[in-house]
Amino acid sequence: MLVPLYQAKADFFRMLGHPVRIRVLELLQGGPMPVRDLLAAIEVEPSALSQQLAVLRRSGIVTAAREGSTVVYELAGGDVADLLRAARRILTQVLTGQNALLEELREAEVSSR
């Protein structure tokens with residue numbers, strides 16, 4: 001049975017819904033990284049990072065290659081970096097709107113005194 005596109009998109013965004021996964025993807029925007037560097041940058045338990053890397057690998061948005069005894073991860077394509085940049089722009093717009101509302105509320109509070 002085929003999964004509707006909206007369901008596939010929801011599953012994709014749900015897969016992205018973990019802070020460690022997002023941080024890994026942000027770090028990999030700078031290029032391939034060995035697991036030891038990811039561990040140092042993220043500061044999580046090795047087993048927790050391993051679980052999250054496995055989710056990203058299964059989803060197909062990162063790839064892993066063994067270089068000797070080192071496993072190096074990289075983004076599977078540039079579209080993931082584009083998605084993260086778009087998310088940053090959207091968050092900036094949302095937070096800017098919230099800051100404007102917060103300022104308006106503060107001004108209203110001061111004028112009501």
Side-chain angles (χ1 to χ4, degrees):
M1 175 192 265
L2 287 176
V3 173
L5 181 56
Y6 62 85
Q7 181 64 49
K9 287 179 183 179
D11 292 343
F12 175 76
F13 283 109
R14 202 171 5 266
M15 179 274 306
L16 290 176
H18 193 285
V20 171
R21 290 182 216 145
I22 295 297
R23 186 66 182 126
V24 166
L25 296 175
E26 289 174 343
L27 290 167
L28 294 179
Q29 287 181 89
M33 288 183 77
V35 172
R36 70 176 171 276
D37 292 353
L38 291 169
L39 269 171
I42 301 174
E43 298 179 358
V44 296
E45 292 295 319
S47 60
L49 179 61
S50 179
Q51 284 180 326
Q52 302 312 322
L53 288 169
V55 171
L56 293 171
R57 255 192 341 267
R58 281 192 305 270
S59 73
I61 62 174
V62 300
T63 60
R66 185 169 290 284
E67 295 177 4
S69 63
T70 302
V71 179
V72 177
Y73 282 84
E74 68 181 311
L75 296 178
D79 290 342
V80 175
D82 292 342
L83 177 64
L84 292 172
R85 281 190 292 277
R88 192 172 296 118
R89 284 191 308 272
I90 292 166
L91 282 172
T92 299
Q93 291 170 350
V94 168
L95 293 174
T96 299
Q98 289 177 355
N99 283 337
L101 178 59
L102 180 59
E103 187 58 36
E104 191 176 314
L105 288 170
R106 285 183 178 145
E107 288 172 6
E109 183 179 324
V110 169
S111 66
S112 69
R113 288 183 184 169

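Side-chain N or O atoms of Ser111 include one that pairs as donor or acceptor with a backbone N or O of Glu107 at under 3.5 Å.
In terms of heavy-atom proximity, Leu49 sits nearest to Ile42 at CD1-CD1, 4.1 Å. Looking at every heavy atom in both residues, Ala76 comes nearest to Gly60 through CB-O, 3.2 Å. Closest approach of Pro46 and Leu39 over heavy atoms only: CA-CD2, 3.7 Å. Looking at every heavy atom in both residues, Leu56 comes nearest to Ser59 through O-OG, 2.7 Å.
Proximity of Lys9 to Leu5: side-chain heavy atoms (C-beta onward) are separated by under 4.5 Å at one or more points.
The hydrophobic clustering, which links ILVMFWY residues whose side-chain heavy atoms are closer than 4.5 Å, places Leu84 and Tyr73 together. Hydrophobic clustering (side-chain heavy atoms under 4.5 Å, transitive across Ile, Leu, Val, Met, Phe, Trp, Tyr) keeps Leu75 apart from Val72.
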List the atom pairs, donor and acceptor, that lie under 3.5 Å between side-chain atoms in residues 92-104 and the rest of the protein, sequence neighbours left out.
from	atom 1	to	atom 2	distance (Å)
Thr92	OG1	Arg88	O	2.8
Thr96	OG1	Thr92	O	2.6

Show the atom names and distances, to 0.1 Å, of all donor-acceptor pairs under 3.5 Å that link a side chain in residues 14-38 to residues at least two apart or in another chain.
from	atom 1	to	atom 2	distance (Å)
Arg14	NH2	Asp11	OD1	2.5
His18	ND1	Val20	N	3.1
Arg21	NE	Gln52	OE1	2.6
Arg21	NH1	Met15	O	2.4
Arg21	NH2	Gln52	OE1	3.0
Arg23	NH1	Glu26	OE1	3.4
Arg36	NH1	Thr70	OG1	3.4

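Distance check: Ile61 CD1 to Glu74 CD gives 13.0 Å after rounding to the nearest 0.5 Å.
A 6.0 Å sphere centred on CD of Glu45 holds no more than 12 heavy atoms belonging to other residues, nucleotides or ligands.
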